[in-house]
2 protein chains.
Amino acid sequence: MSQNSTRMFYYEPRGYDAAMTETGIRQRTRKAILDGALSVWARDFTATLHDIADAAEVSRSTLHRYFPDRQSLVDAAKDAAIAALEESGVRAVSSGSDAADQLDAMLRATVDVGNAVIFLFFDPNRFADIWEGDDAEDAHSELREIVTRAQADGAVAADVAPDWVINMFYAVVYTAAESVNDGALPRHRAGEVASRTFFGGLGAR
Amino acid sequence: MSQNSTRMFYYEPRGYDAAMTETGIRQRTRKAILDGALSVWARDFTATLHDIADAAEVSRSTLHRYFPDRQSLVDAAKDAAIAALEESGVRAVSSGSDAADQLDAMLRATVDVGNAVIFLFFDPNRFADIWEGDDAEDAHSELREIVTRAQADGAVAADVAPDWVINMFYAVVYTAAESVNDGALPRHRAGEVASRTFFGGLGAR
DNA sequence: CGAGAATAGGACATCAATGTCTCAAAATTC
DNA sequence: GAATTTTGAGACATTGATGTCCTATTCTCG
């Protein structure tokens with residue numbers, strides 16, 4: 001036929017298990033896009049795929065090669081956020097048995113994935129389908145258990161409700177994440193600053 | 001010229017002071033559109049002008065006749081929300097001098113304008129330009145003063161921080177407003193239910 | 001270096017939301 | 001009930017986001 005004699009492979013997006021069998025480069029690109037989506041959408045969920053491609057320092061073509069349509073990127077970002085959050089929780093809890101240490105580790109770990117937290121929880125309607133039933137309770141039960149124990153140990157003020165501590169926990173995470181996004185706070189100092197603020201305000205004197 | 005002999009007036013939108021010099025009908029239509037915008041945008045700020053026209057039971061033409069573009073409706077809705085909120089606060093404070101009565105009245109009044117609260121405050125980035133400086137503090141200072149006085153009177157639990165009470169105040173308002181929007185709670189019972197829940201949880205035993 | 005892998009960039013079609021305009025019908029008022 | 005006001009409905013142009021496709025260029029790794 002009239003085909004050119006040179007090779008004409010234009011590399012197509014992979015199938016569902018793409019993330020499993022990808023080369024190192026593609027894994028890094030995929031991660032960059034997901035990170036960009038998380039940080040941009042955490043601040044404004046109406047942001048454009050163009051905005052996300054920019055944030056990920058990738059062309060829009062490349063973005064579409066990895067995530068054919070908007071929804072698939074939303075789903076992947078959601079999964080990535082949940083995975084990051086769970087991983088950070090596990091890491092923190094296994095940092096020792098002392099409640100105060102665990103709480104501190106959990107705060108720093110959560111600040112590290114602050115964008116994931118904001119992306120997932122900021123707008124209750126965004127992923128309302130996921131949090132129905134007891135899932136919302138379960139998500140916080142581990143943190144609540146640690147907080148209660150820390151209060152019993154005298155490491156955290158016991159004259160406020162655990163819920164108040166938990167609300168403060170997330171308030172600090174939110175503020176830290178926004179400051180990092182704004183560039184007002186260097187990422188490597190975020191955990192330390194958040195911890196200092198949290199315990200300086202709530203730690204037993 | 002070639003003009004038809006019959007009258008050809010197609011009534012145009014009015015100028016900036018339209019709301020001042022309007023007839024009763026137009027005032028009611030304008031209010032219906034603003035109410036629709038508030039209730040729809042409180043739940044989802046990305047909602048379409050079509051959605052708002054539907055909610056207001058008005059055609060899209062009519063909506064555009066009153067608010068030429070999206071931004072002008074957003075601005076008008078914002079102004080209406082602020083006015084409603086301030087008016088409800090004034091009404092509640094002047095309901096007596098007893099702190100508990102004032103707090104109860106303020107809660108019921110705020111539930112009445114729940115959509116305005118959600119529309120204005122739900123997404124801190126939405127109207128970030130308004131709340132810069134001390135305005136955010138001032139907006140809550142009156143409520144905080146009443147709460148503190150109610151705690152001193154023994155009408156509200158004093159072993160929690162005033163901020164926690166204020167957070168609960170808005171949490172109850174949010175929940176009530178959403179329930180009314182969902183149809184799960186009749187509007188005329190919202191104030192009563194909110195008040196009962198709020199004081200049943202926080203009132204001194 | 002050279003083949004294969006990956007990306008950038010842009011042309012293009014599509015779609016949904018926005019905004020404009022016109023006319024007919026309904027509602028209101030006198 | 002006639003004049004005036006107001007609305008509903010739809011046709012239309014515009015715009016921005018999305019999604020597809022093709023090609024040249026760059027990168028990576030043996």
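Chain letters run A, B, ... following the sequence lines, proteins first and then strands; every chain starts at 1. Just so you know, these numbers come straight off a predicted model, no measurement behind them.
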Chemist: In whole angstrom, give the distance that lies between atom CG of A:Leu73 and atom P of D:dA17.
Modeler: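 To the nearest whole Å, that distance equals 16 Å.
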Chemist: C:dA26 C1' sits how many Å from B:Arg65 CZ, rounded?
Modeler: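 These atoms are roughly 13 Å apart.
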Chemist: Counting only heavy atoms not in B:Glu145 (residues, nucleotides, ligands), do more than 12 fall under 6.0 Å from its CD?
Modeler: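 Yes, the 6.0 Å shell around CD holds more than 12 heavy atoms from other groups.
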Chemist: So, is A:Tyr66 close to the C:dA6 phosphate, meaning a side-chain N or O under 4.0 Å from OP1 or OP2?
Modeler: no
Chemist: So do the side chains of B:Leu85 and B:Phe121 get within less than 4.5 Å of each other, counting heavy atoms only?
Modeler: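 Yes, side chains in contact.
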Chemist: For the pair made of CH2 in A:Trp41 and P in D:dA17, what is the distance, rounded to whole Å?
Modeler: 14 Å
Chemist: In whole angstrom, give the distance that lies between atom CG of B:Asp54 and atom C1' of C:dA17.
Modeler: 14 Å
Chemist: Could you give the CG-to-P distance, from A:Leu63 to C:dG10, as a whole number of Å?
Modeler: 17 Å
Chemist: Check whether any side-chain nitrogen or oxygen of A:Ser61 sits under 4.0 Å from OP1 or OP2 of C:dG9, and answer yes or no.
Modeler: no
Chemist: Round to a whole Å and report the spacing from CG of A:Leu49 to C1' of D:dT20.
Modeler: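 Value for this atom pair: 14 Å.
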Chemist: Rounded off to whole Å, could you give me the NE2-to-C1' distance for the A:His64 and C:dA8 pair?
Modeler: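 Interatomic distance, NE2 of A:His64 to C1' of C:dA8: 15 Å.
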Chemist: State yes or no: are the ring centers of B:Phe45 and A:Phe45 separated by less than 6.0 Å?
Modeler: no
Chemist: Within 45 degrees of the ring normal and closer than 6.0 Å to the centroid, is that where the cationic atom of A:Arg43 sits relative to A:Phe119?
Modeler: no
Chemist: Could you give the angle between the helix axes at the two ends of the helix from C:dC1-D:dG30 to C:dC30-D:dG1, with five pairs per end, rounded to 10 degrees?
Modeler: 30°
Chemist: In terms of the nearest nucleotide of DNA chain C, which residue is placed more toward the 5' end: A:Thr62 or B:Asp69?
Modeler: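 Taking each residue's closest nucleotide, the earlier one in sequence belongs to A:Thr62.
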Chemist: I want to check one thing: is the phosphate of C:dA17, taken as OP1 and OP2, less than 4.0 Å away from some side-chain N or O of B:Thr48?
Modeler: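 Checking B:Thr48 against C:dA17: at least one side-chain N or O falls below 4.0 Å of OP1 or OP2.
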Chemist: What is the nucleic acid contact for A:Glu57, judged by heavy atoms within less than 4.0 Å: base, sugar-phosphate only, or nothing?
Modeler: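 Here A:Glu57 touches the backbone only, sparing every base.
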Chemist: Give me the ring orientation class for A:Tyr174 and A:Phe122: parallel if the planes are under 30° apart, tilted from 30 to 60°, perpendicular past 60°.
Modeler: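 Aromatic pair A:Tyr174/A:Phe122 classed tilted.
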Chemist: For the pair made of NE2 in A:His50 and P in D:dA17, what is the distance, rounded to whole Å?
Modeler: 9 Å
Chemist: Between the base of C:dG19 and the side chain of B:Arg60, is one N or O donor paired with an acceptor at under 3.5 angstrom?
Modeler: yes
Chemist: side-chain contact (heavy atoms from CB on, under 4.5 Å) between A:Glu192 and A:Arg108: does it pass, once the steps are laid out?
Modeler: CA-CA 7 Å; A:Glu192 168 208 337; A:Arg108 291 166 187 264; 4.1 Å; yes
Chemist: Measure the acute angle between the ring planes of B:Phe169 and B:Phe198, then classify it against the limits of 30° and 60° as parallel, tilted or perpendicular.
Modeler: perpendicular
